[in-house]
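Report on the following structure.
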Amino acid sequence: MTPPSTSATLAADVVRWQRAQGRHGLPWQGTRNPYRVWLSEIMLQQTQVSTVLDYYPRFLARFPDVQSLAAASQDEVLGLWAGLGYYSRARHLHRCAQAVVADHGGVFPATAAQLQTLPGIGRSTAAAIAAFCHGERAAILDGNVKRVLGRALAFGEDLAVPRHERALWSLAQDLLPPAEDMPAYTQGLMDLGATVCVRRSPRCGLCPLAARCVALAQGQPEAYPVIQRKLRRGQRQNTLLWISQGERVWVVPRADTGIWAGLWSWPEYEDEAQARQDCAGWPGQWTALPAFTHVLTHLDWTLTPLHLALPPGAEAAAWPADRWPQGRWLAPAQWADWGLPAPLRRLLGLA
DNA sequence: GATCCGTGGGA
DNA sequence: TTCCCAAGGAT
């Protein structure tokens with residue numbers, strides 16, 4: 001458990017490299033504010049830095065601290081998250097903020113073990129927050145670290161097997177530097193994985209670990225890490241009923257589980273016939289729009305928008321209001337701030 | 001342990 | 001085009 005004190009360890013190489021060559025200007029760096037670090041870690045889960053750069057400042061401007069976030073409505077949180085994907089992150093983020101306020105006096109707990117008990121914070125995220133904010137010697141194991149350490153150690157076991165992933169996690173824990181170096185080390189592993197030790201064509205000539213990298217010595221850095229994913233993407237088709245009246249669009253809340261849980265969308269049907277049948281007798285102009293495929297991690301989802309333009313007037317507007325009491329009309333000025341999934345934002349011309 | 005959960009980008 | 005994956009976690 002005692003960290004090595006020499007200056008010739010793998011961790012020391014990473015720390016030196018990070019201070020000289022790593023990334024230092026990202027919006028969530030240069031702070032030990034747990035709220036800001038936590039927010040960035042959640043947004044960055046399975047999401048590239050370039051994407052988060054668009055969302056992080058806006059979210060922080062609206063919710064500058066954990067109290068303001070805890071006091072917000074879930075709809076407003078999801079409105080700021082819309083387009084980022086993996087919306088359970090936003091729902092857990094909101095619940096986590098409320099738990100921090102209600103159970104911890106508005107102060108994030110300081111240890112990784114305590115952080116990991118909060119909604120949406122798993123082992124790696126908890127370690128990152130504790131390392132960045134408090135120098136705790138806790139190991140992260142994200143995609144970057146799997147690649148950097150997987151190659152440096154030539155770890156050949158299949159990381160899709162939880163037992164093997166735990167083994168690499170244990171090795172990662174053994175490699176940690178002294179506490180004062182933990183922020184730079186944790187950031188350095190991420191920076192290395194993102195800019196040097198990349199998935200294909202790694203830039204080993206620039207890597208501070210090249211001299212000790214076993215995979216490079218074997219002449220096959222790209223052979224690691226081994227992750228045998230057996231996910232087969234399924235297929236699904238639906239018709240989305242796009243109802244408009246003038247400039248307004250009718251939206252309904254989605255279920256609190258499944259795809260786009262907690263967001264708003266258009267009424268969803270098995271096919272066009274069922275949509276038309278459900279709205280038999282309604283006034284207005286029907287238009288069938290071209291289908292498109294929305295690709296999710298585990299699903300190719302073919303969506304066919306079916307447009308119904310209702311005539312003006314309160315009488316026509318009452319049809320959807322009567323059919324979906326939980327729904328509501330959205331004016332164009334509201335679209336950008338509403339919790340609408342990416343394909344709908346695109347169809348509405350917000351992309 | 002296996003599955004579910006978004007979106008955009010790179011090769 | 002197709003595949004992979006990007007600061008994973010919950011169920």
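Just so we're on the same page: letters track the sequence lines, and every chain starts at 1.
- Rounded to whole angstrom, the span from the CD atom of Q187(A) across to the C1' atom of dA7(C) amounts to 9 Å.
- In this structure, the nucleotide among dT7(B), dA10(C), dA6(C) sitting nearest to the side chain of P343(A) is dT7(B).
- Judged by a 6.0 Å distance limit and a 45° cone about the ring axis, R36(A) is not positioned over the six-membered ring of W28(A).
- Each of G122(A) and Q48(A) has a nearest nucleotide on DNA chain C; the 5'-most of these lies closest to Q48(A).
- When the C1' atom of dA10(C) is taken as reference, atom CZ of R123(A) falls 17 Å away, rounded to whole Å.
- Neither OP1 nor OP2 of dG6(B) sits under 4.0 Å from any side-chain N or O of T47(A).
- Nearest nucleotide to the R346(A) side chain, out of dT7(B), dG8(B), dA6(C): dG8(B).
- One cannot find a donor-acceptor pair under 3.5 Å joining the base of dA6(C) and the side-chain atoms of R147(A).
- Not less than 6.0 angstrom separates the ring centroid of W319(A) from the ring centroid of W324(A).
- OP1 or OP2 of dT7(B) lies within a sub-4.0 Å distance of a side-chain N or O belonging to W260(A).
- Under 3.5 Å, the side chains of Q218(A) and Y224(A) contain a donor-acceptor pair of N or O atoms.
- To the nearest angstrom, C1' of dG9(C) lies 10 Å from OH of Y86(A).
- The nearest heavy atom of DNA chain B to Q45(A) and to S50(A) marks one nucleotide each, and the one closer to the 5' end goes with Q45(A).
- For the pair R123(A) and W169(A), the cation-pi test (distance below 6.0 Å, angle within 45°) is passed.
- Each of R199(A) and L118(A) has a nearest nucleotide on DNA chain C; the 5'-most of these lies closest to R199(A).
- Rounded to a whole angstrom, the distance from the C1' atom of dA7(C) to that of dT3(B) is 22 Å.
- Whole-Å rounding puts the L44(A) CG to dG6(B) P distance at 18 Å.
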